[in-house]
Each structure stands twice: as structure tokens, then as C-alpha cells.
Amino acid sequence: MTLFRRAMDGSLRDCPVRGVAWRYFLGALSGAPADWVGQLQAQRKEFDVLCDEHCVDPTRLADAPEADLSVVNPLSCDEASPYQVYFASSALREEIEQDLRRLHPGVAFFVRPDVQRIMLRILFVWARMHPAVGYRQGMHELVALLVSVHWDEAAEAAEAEAAEAA
């Protein structure tokens, strides 16, 4: 049975590759399944680069030996100052964090600080990359579904590996 047919008849609900199916249907994976591992590794590297670009930590830059402290300081009005970017983005971070705090408060998974940090990074980077759209209330609900499915899939894979090793 094809992956699409299984998705349409609802038989992917308890499938261990549900997250892989979502990636495929959302266009994050293409071509033959043998190519998917390489695609995922490349996408993770690309996301790390985007995080480095958009999630600016000005204190880390200020500690660099070659830093021009007339630009890299919190009081600088220079447009090239990483603090200007950081302060301008703080409202966006706060808006996303507020929505994440309200996300399924009775579900322990979504209250976990590590899970909230992951979702914040995803939403923040996406909003910074798409300034015409930006962040909109409700986007956190969509990301929560994806993170939850992928988290469960990773946990199941780790359990299977542990069982094979034993």
C-alpha cells in the first residue's frame, strides 16, 4: 500500500514513520526514500545556519577579541550593532513566548522548557525569514503538532535501538 493511500485511509495514526510521512507530504522530503537521510542532514545544517543568522546573541559577539566596542555595545545607535537587532527582535520573541506559555497548559510535554525553546527557535527564525507575514497567533499550535509527532518518533526510534542493542 502506498504512503499516500495509507495517509488517506487513516492508517498512519499509529505508524512509526508518521513524522516521515508528514515531512514528505509537506515537501520537506522528495525523491527516493534512500535520499531522505541526506536531505534531512542538509536541512538540519541549513537550519543551524539560519539560527546563527537570526538568533543573535550580542553578548557573545561583544566578547570576541576583534569586536568594535563602539558598535557592539547595548548603548550604540549604530544600525550595524547586534544589540539593535536583538532589541528590535525582543517584541517578537515576547509575543511568541506568550503564546507558548498558553499552549496546552495541562499537557506536561508542551510546558517543558526544552520543548518551548525548540518551538520558539522555529517560530522566531520563520518569522524573521518571512517579515511580510511575520508571526501570527495560532502558528504555535501548528508547530506544536509537528514537534510533538517528531519528538514521539525520535523517542520510539531510540527505544527500538536500545532494544536491538540489548
Qualifying residues under ring-ring contact (aromatic ring centres under 6.0 Å, His included), relative to His150, sequence neighbours excluded: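 Partners of His150 by the ring-ring contact (aromatic ring centres under 6.0 Å, His included) criterion come out as none, since no residue qualifies.
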Contacts of Tyr135 that satisfy ring-ring contact (aromatic ring centres under 6.0 Å, His included) - sequence neighbours left out: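 Tyr135 satisfies ring-ring contact (aromatic ring centres under 6.0 Å, His included) with no residue once adjacent residues are dropped.
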List the atom of [X], the atom of [Y], and the distance in Å for their closest heavy-atom pair.
{"X": "Val111", "Y": "His104", "answer": "CG2-O, 4.3 Å"}
{"X": "Ser148", "Y": "Phe110", "answer": "CB-CZ, 4.0 Å"}
{"X": "Gly134", "Y": "Trp126", "answer": "O-CZ3, 3.3 Å"}
{"X": "Leu29", "Y": "Tyr24", "answer": "O-CD1, 3.6 Å"}

Within 6.0 angstrom of Gln39 CD, more than 12 heavy atoms from elsewhere: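 Atom CD in Gln39 is crowded, with more than 12 foreign heavy atoms closer than 6.0 Å.
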Arg121, CZ atom: more than 12 neighbouring heavy atoms under 6.0 Å: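 Counting other residues, nucleotides and ligands, CZ of Arg121 stays at 12 neighbours or fewer.
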Separation between [atom1] of [X] and [atom2] of [Y], rounded to the nearest 0.5 Å:
{"X": "Gln41", "Y": "Glu46", "atom1": "CD", "atom2": "CD", "value": "14.0 Å"}
{"X": "Leu142", "Y": "Ile122", "atom1": "CG", "atom2": "CD1", "value": "12.0 Å"}
{"X": "Leu123", "Y": "Leu92", "atom1": "CG", "atom2": "CG", "value": "9.0 Å"}
{"X": "Met119", "Y": "Met139", "atom1": "CE", "atom2": "CE", "value": "15.0 Å"}

Stepwise side chain to side chain contact (heavy atoms under 4.5 Å, CB included) check, Arg101 with Gln98: CA-CA 5 Å; Arg101 281 191 298 274; Gln98 180 180 16; 3.7 Å; yes
Derivation and outcome, salt bridge (charged side-chain N to carboxylate O under 4.0 Å, His left out), residues Arg23 and Glu153: CA-CA 12 Å; Arg23 288 181 192 112; Glu153 187 178 275; 3.4 Å; yes
Donor-acceptor under 3.5 Å (Gln116 side chain, Leu100 main chain):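 Yes, the answer is positive, given that a donor and an acceptor are paired below the 3.5 Å cut-off.
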Leu120 backbone acceptor or donor facing Glu97 side chain under 3.5 Å: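 Absent.
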